[in-house]
Amino acid sequence: GIQVEQSPPDLILQEGANSTLRCNFSDSVNNLQWFHQNPWGQLINLFYIPSGTKQNGRLSATTVATERYSLLYISSSQTTDSGVYFCAVETNSGGSNYKLTFGKGTLLTVNP
Amino acid sequence: ETGVTQSPTHLIKTRGQQVTLRCSSQSGHNTVSWYQQALGQGPQFIFQYYREEENGRGNFPPRFSGLQFPNYSSELNVNALELDDSALYLCASRGSRNTEAFFGQGTRLTVV
């Protein structure tokens, strides 16, 4: 099945700093989503971005489908940005066209 | 528009028992999928239901089973609970394949 690798696994920032999270995937995808998991476990939708670039406030994302990677940018980080960020993909290849495959996540800690 | 809701939020069961978790899908969504998230890991796909039929299954044993009802709500049943079944169980709904998935807040199951 498709492999999803996220980097870095852990990231510690001072409030106000910028960061880039990366998601590499091993096959062509028709769906890619970025999530932020809050301390209570809920996955909060950040971006639905199988290709192209989107921005939402301090967050933006870019997916380059032909090169099989996606980037999540966080600017002017705040302590409330802390948590785990997941990339999840869906592919039509190999009979797996019905599920999201998640990476292991990036644990972001923003210190005041 | 109501989001995805799950019940209960927390549950403690004894090894060997059976458990039923419930999920109400987002309004207008006919596809529901279930994921298991062990501590420190990304969510793993269990199965998916589309219009009351299971149409995809991950690498989970048959003691994990489910149902989807005419109103598209869903249940996850786990028989003969094992200690390793302790995890966060997440439900996601979507309007159709290859569209954005939205997750509920999860049910945290502890097996003792």
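Each chain gets a letter, A, B and so on, in the order the sequences are listed, and its residues count up from 1.
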Under 4.5 Å between any side-chain heavy atoms of B/Phe45 and A/Thr101, yes or no?
no

Which residues in residues 103-112 of chain B have a heavy atom less than 4.5 Å from any heavy atom of chain A?
B/Phe103, B/Gly104, B/Gln105, B/Arg108

Does any heavy atom of chain B fall under 4.5 Å from the side chain of A/Leu100, the backbone, both, or neither of them?
both

Step through the shown structure and confirm whether more than 12 heavy atoms of other residues, nucleotides or ligands are within 6.0 Å of CG on B/Leu83.
yes

Check whether B/Tyr50 gets within reach of chain A through its side chain, its backbone, both or neither, counting any heavy atom under 4.5 Å.
neither

Apply side chain to side chain donor-acceptor pair (under 3.5 Å) to B/Asn30 and list each qualifying residue two or more places apart in sequence or on a separate chain.
none

What distance separates A/Gln33 CD from B/Thr99 OG1, expressed to the nearest 0.5 Å?
8.0 Å

Within 6.0 angstrom of B/Gln44 CD, more than 12 heavy atoms from elsewhere
no

When rounded to the nearest 0.5 angstrom, what is the spacing between CG in B/Leu88 and CD in A/Gln42?
10.0 Å

Could you pull out all residues at least two apart from B/Glu53 that satisfy side-chain contact (heavy atoms from CB on, under 4.5 Å)?
none

Residues 2-10 of chain A, side-chain donor-acceptor partners within the protein, below 3.5 Å, at least two apart:
unit_1 : atom_1 : unit_2   : atom_2 : d
A/Gln3 : NE2    : A/Gly1   : O      : 3.2
A/Gln6 : OE1    : A/Cys87  : N      : 3.0
A/Gln6 : OE1    : A/Gly105 : N      : 3.1
A/Gln6 : NE2    : A/Tyr85  : O      : 3.0

Test of understanding: clusters of I, L, V, M, F, W, Y form through side-chain heavy atoms closer than 4.5 Å, transitively. Do B/Leu67 and B/Tyr72 belong to the same one?
no

Check this for me: B/Asn59, atom CG, are more than 12 non-hydrogen atoms of other residues, nucleotides or ligands nearer than 6.0 Å?
no

For the CZ atom of A/Phe35 and the CG atom of B/Leu90, what is their distance to the nearest 0.5 Å?
10.0 Å

How about CD1 on A/Ile12, more than 12 heavy atoms from neighbouring residues, nucleotides or ligands closer than 6.0 Å, or not?
no

Is the number of heavy atoms from other residues, nucleotides or ligands under 6.0 Å of B/Arg15 CZ greater than 12?
no

Within a reach of under 6.0 Å around NZ of B/Lys13, are more than 12 heavy atoms found that belong to other residues, nucleotides or ligands?
yes

Among B/Gly58, B/Pro43, B/Ser33, B/Gly40, residue most engaged with chain A (heavy-atom pairs, under 4.5 Å)
B/Pro43

Residue pair B/Arg94 / A/Asn31, side-chain heavy-atom distance below 4.5 Å
yes

